[in-house]
Amino acid sequence: GVKNMPDRQIDVFTGDDVFSYLGGIAALTKSETGRDLKLYIGDTADPERPKIRTAAEECGLVMRSRFLNEKYLDGLKEHGYHGVTILAITAEYMIGWAASCGAMEDWMFKEFAEHIVFGRSREWIEKENPYSLLEIVSCLTECIERGLWNADEDMIKRLKDAFSEVEGSVEGSDDRLRSRLTDKSV
């Protein structure tokens, strides 16, 4: 199966249509023939030099150029809440790529977790939208539970600890907000 991406403004993590399309074709092929379908992404952003990559290679390229790139993450900070939401949506799309056609490799999950959950962007993410941070950690944990990511024991523990920390701070902020809303002196 092949899906062409005509420019670099839209990529494999911009929406769910690419993994839905390729994943569906792969599932149908597996169901009907018993064979795994090889999946490719065409890159015609430069029509003079078209490229073709496997779906896993393309996911890795986008992962490195966007979500593991501190300059890209700094640019997301300018968008505040929406920038954080993009990261949470990406975590959901990672599940889609892994579950639908196996295009996510262990290193992608690990490095995403290191940069987003445990890296220097965490404070910003937690401040702007702690619920998105919970969603990111939940998605990564789901990947482990479903066997989509073979994380080591240390990573599993760190993700569980991160979830507990963020959940505690969210519950605390919900309690503070509830208190302010019910306080008649406000």
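Reckoned from all heavy atoms, side chains included, excluding hydrogens, waters and symmetry mates. No experiment lies behind these values; they were computed from the predicted model shown.
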Flag side-chain contact, heavy atom, 4.5 Å: [X] against [Y]:
X    : Y    : result
R64  : W107 : yes
F67  : H115 : no
M5   : D43  : no
E70  : R120 : yes
L39  : L37  : yes
F13  : M63  : yes
K110 : L140 : no
Y131 : V170 : yes

Pairs of donor and acceptor atoms involving the side chains of residues 82-99, under 3.5 Å and at least two apart or interchain, shall be tabulated with distances.
unit_1, atom_1, unit_2, atom_2, d
T85, OG1, Y81, O, 2.9
T90, OG1, I86, O, 2.8
W97, NE1, V12, O, 2.9

Rounded to the nearest 0.5 Å, what's the gap from [atom1] on [X] to [atom2] on [Y]? Could you check?
X    : Y    : atom1 : atom2 : result
I136 : T141 : CD1   : OG1   : 11.5 Å
I144 : N150 : CD1   : CG    : 9.5 Å
S138 : E145 : OG    : CD    : 9.0 Å
L148 : C139 : CG    : SG    : 11.0 Å
L133 : E165 : CG    : CD    : 9.5 Å
F118 : F112 : CZ    : CZ    : 12.0 Å

Is D74 salt-bridged to K71, going by a charged N under 4.0 Å from an acidic O?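 Salt bridge flag = no for K71 with D74.
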
One thing to verify: whether D46 and R49 come together as a salt bridge, which I'm taking to mean a side-chain N less than 4.0 angstrom from a carboxylate O.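 Yes, R49 and D46 are salt-bridged.
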
R122 and I116: CA distance, side-chain angles, deciding distance, side-chain contact (heavy atoms from CB on, under 4.5 Å) verdict: CA-CA 6 Å; R122 168 140 176 206; I116 304 306; over 6 Å; no

Under the side-chain contact (heavy atoms from CB on, under 4.5 Å) criterion, do L76 and Y72 qualify, and how do the steps go? CA-CA 6 Å; L76 281 182; Y72 177 82; 3.6 Å; yes

Looking only at heavy atoms, which two atoms of [X] and [Y] are closest? And how far apart?
X    : Y    : answer
T44  : P50  : CG2-CB, 4.1 Å
A151 : I156 : O-CD1, 3.8 Å
C59  : M104 : CB-SD, 4.2 Å
E126 : S169 : OE2-OG, 3.2 Å
A162 : V137 : CB-CG2, 4.5 Å

Neighbour count >12 (heavy atoms, 6.0 Å) for atom NZ, K77: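 Atom NZ in K77 is packed in, count exceeds 12.
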
Are more than 12 heavy atoms from other residues, nucleotides or ligands located less than 6.0 Å from atom NZ of K51?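 Counting neighbours around NZ of K51, more than 12 heavy atoms of other residues, nucleotides or ligands fall under 6.0 Å, so yes.
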
Please report the C-alpha distance between R66 and N69 in whole Å, then the side-chain angles of each, then the deciding distance to 0.1 Å, and finally whether the side-chain contact (heavy atoms from CB on, under 4.5 Å) criterion is met. CA-CA 5 Å; R66 288 180 59 193; N69 178 341; 5.9 Å; no

For M155 and R158: C-alpha separation, side-chain torsions, deciding distance, then whether side-chain contact (heavy atoms from CB on, under 4.5 Å) applies. CA-CA 5 Å; M155 178 60 74; R158 290 170 65 206; 4.0 Å; yes

Table please: side-chain donor-acceptor pairs of residues 19-32 below 3.5 Å, with sequence neighbours left out.
unit_1, atom_1, unit_2, atom_2, d
S20, OG, D16, O, 2.7
T29, OG1, I25, O, 2.9
K30, NZ, D36, OD1, 3.2

Joint hydrophobic cluster, I41 plus L61, side-chain heavy atoms closer than 4.5 Å: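 No, no single cluster joins them.
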
Taking only residues two or more places apart in sequence or in another chain, which ones pass side chain to side chain contact (heavy atoms under 4.5 Å, CB included) with E57?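 So E57 forms a side chain to side chain contact (heavy atoms under 4.5 Å, CB included) with R53, T54.
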
Steps toward side-chain hydrogen bond (donor to acceptor under 3.5 Å, both in side chains) verdict (S164, D161): CA-CA 5 Å; S164 295; D161 291 347; 5.6 Å; no

